[in-house]
Amino acid sequence: MGSIRHICCIGAGYVGGPTMAVIADRCPEVQVTVVDLNAERIAAWNDPDLAQLPVYEPGLDAVVGRARGRNLHFSTAVEQTIAASDVVFISVNTPTKTKGLGAGQASDLKWVEASARTVAKAARGHTIVVEKSTLPVRTAAVIQQILESAGGAAGGEQTSFSVLSNPEFLAEGTAVADLEAPDRVLIGGQDPAAIEALASIYRQWVPAERILTTNLWSSELSKLTANAFLAQRISSINGIAAFCEATGADVREVARAIGADSRIGPKFLQAGPGFGGSCFQKDILNLVYLCRHYGLEEVAAYWEQVVTLNHWQQQRIARLVITKLFGTVSGKRIGVLGFAFKADTNDTRESPAIRICRDLLEEGAILQIVDPKVSERQMAQDLGQASAPTGRPSDGSWHQVPDILQAAAGADALLLLTEWQQFAQIDWPAVAAVMRRPAWLFDARAKADASAARAAGLQVWTVGEG
Ligand code: UDX
Ligand code: UDX
């Protein structure tokens, strides 16, 4: 097998876009083309104005700026690109199934299957197919079957395939830094030549000892397990946060004390409104589904509880706001600070803000939402149209506002849900002056300057502080 000259990635999303941009940046001799069925998305990736890229990630504009047009391309020509490539990454979305067998838990693999079929049809010669999407264990076998059944002679030419699993561990908001200096790169597969070819790409910038190789199933399961362990830490600390609030302890003190134990470590111990993002919940539910499938009921129930506690935390915060505002938020203005599922991203998938805002809207609140990167169009997709409420007078409404002062205008409370840096530097006297008294700050991320808010006359609730 010769060295890799042309890479194709199917799926120009939060994973495919940044990952391929960094590969292209670090491997100038390899042509990298990202393809997507969504023409609007591809056009946005090709926008001359780098501020218009469809994914917001710190540093991504610079990377794309360097490589685009040189050896990084974005295109809708899926089949042509596959035909010209030695390696095809599959990085399409794998949402939780909403109906049918495994609804609510299993991953919907229809896009992965469709991608495999397209590869089977369009590939020429020998092609390495890499699964990048998070997939249930043994999906590689499905991809392999589809490819093999098509293998042989496409267009009169002999074709063959090697399937690899190469899960992505980047976190949104730090995607570029994570890709440029990963803790590890994991490659699972059966074909040593294919593994070596992919490893040689990563070795252009990742130290060889950080490139781990294993078999396909272990690689697939490692991704689910990593996300399950990370999410479990968040549910654990959020459970302790509620306990701290009830008993007068401070969860940040507890986190500091336990994090100093090198066996536990200090990361991923921040209490908050619960985890969001496209991966954690989906991957745990997937794990739960698979455990049940293999008859491991206790193991399934154990992991399921991580998700249950996450939902409970979100409900708990919505209820707490209502209770503190004298048991009703109907007709009251609440300023919502942050809508993305974490700071430094425009992504709102599974954002805790969605569930919390919906609960408050159901109680009749008027939400004034500010987020530096999330568009009003996205909020409307997540919450329903701002301008088209249900018509029932008891239902609330929402609208996006451009700044913190307008979120606070006439409001009884500010609810901080995403830890954007600017929320740490609020001009509290100015904000307090435009709110209705008694005014509250509910800080679900412990991000704001609570003493400054108190000094300005607000009552303050901080997650995990008793
Ligand atoms: C996705 C998965 O959700 C995640 O589990 C996996 O680890 C990586 O891929 P993400 O990149 O965040 O993550 O998804 P998304 O931003 O939705 O991007 C997927 C893209 O694939 C979309 O732009 C979609 O248009 C495209 N797509 C989907 C295709 O081009 N072809 C298809 O058949 C299906
Ligand atoms: C996660 C994994 O970290 C990454 O390795 C995997 O590839 C994809 O899933 P991501 O979802 O992008 O990445 O972000 P992450 O930083 O893990 O945060 C997930 C959620 O947990 C966010 O809602 C975040 O606010 C929350 N979180 C994280 C906490 O509430 N407390 C913490 O201490 C850490």
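These numbers come from a predicted model, not from an experiment. Both ligands and their constituent atoms are indexed starting at 1 by order of listing.
In this structure, the ring-ring contact (aromatic ring centres under 6.0 Å, His included) partners of Trp45, at least two apart in sequence or on a different chain, are Phe74.
At a 4.0 Å heavy-atom cut-off, the residues surrounding ligand 2 are Glu168, Phe169, Leu170, Ala171, Glu172, Lys223, Asn227, Leu230, Ile234, Phe268, Leu269, Gln270, Phe275, Gly276, Cys279, Phe280, Phe341, Lys342, Arg445, listed by chain and number.
Annotation for ligand 1: atoms under 4.0 Å from non-hydrogen atoms of Lys132 are 7 (O). Against a heavy-atom cut-off of under 4.0 Å, Ser91 is close to the following atoms of ligand 1: 8 (C), 9 (O), 19 (C). Residue Gly11 has at least one heavy-atom neighbour below 4.0 Å for each of these atoms of ligand 1: 20 (C), 21 (O), 26 (C). Atoms of ligand 1 found under 4.0 Å from any heavy atom of Thr94 (numbered from 1 in listed order, with element): 3 (O), 5 (O). Taking every heavy atom of Asn38 and a limit of under 4.0 angstrom, the matching atoms of ligand 1 come to 25 (O). Remark: ligand 1 atoms within the under-4.0 Å shell around heavy atoms of Leu37 are 29 (C), 30 (O), 31 (N), 32 (C), 33 (O). Applying the 4.0 Å criterion to heavy atoms of Gly13 picks out, from ligand 1, the atoms 11 (O), 15 (P), 16 (O), 18 (O).
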| task | Would you sort out whether Glu172 and Lys342 count as a salt bridge (charged side-chain N to carboxylate O under 4.0 Å, His left out), showing the intermediate values? | result | CA-CA 8 Å; Glu172 288 176 31; Lys342 63 184 279 194; over 6 Å; no

| field | Stepwise side-chain contact (heavy atoms from CB on, under 4.5 Å) test for Ile82 and Ile10 | value | CA-CA 9 Å; Ile82 292 170; Ile10 309 179; 4.0 Å; yes

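A donor and an acceptor atom, one from each side chain of Gln105 and His293, are nowhere located under 3.5 Å apart. Residues Glu168 and Tyr14 bring no donor and acceptor atom of their side chains to less than 3.5 Å of each other.
A salt bridge does not link Glu113 with Lys110: every distance from a Lys NZ or Arg NE/NH1/NH2 to an Asp or Glu carboxylate oxygen is 4.0 Å or more.
Ser91 and Val15 make their closest contact through OG-CG1, 3.6 Å (heavy atoms, listed as atom of the first residue, atom of the second, distance). Of all non-hydrogen atoms in Val374 and Asn346, the two that sit nearest each other are CG2-O, 4.0 Å.
Any N or O atom pair closer than 3.5 Å counts here, and Arg41 shares at least one such pair with ligand 1. Here's the thing with Ile10: none of its N/O atoms is less than 3.5 angstrom from an N/O atom of ligand 1.
Of the listed residues (Asn93, Asn227, Thr94), just one forms a side-chain hydrogen bond (donor to acceptor under 3.5 Å, both in side chains) with Lys282, and that residue is Thr94.
Ring planes of Trp440 and Phe442: parallel class, angle under 30° (limits at 30 and 60°).
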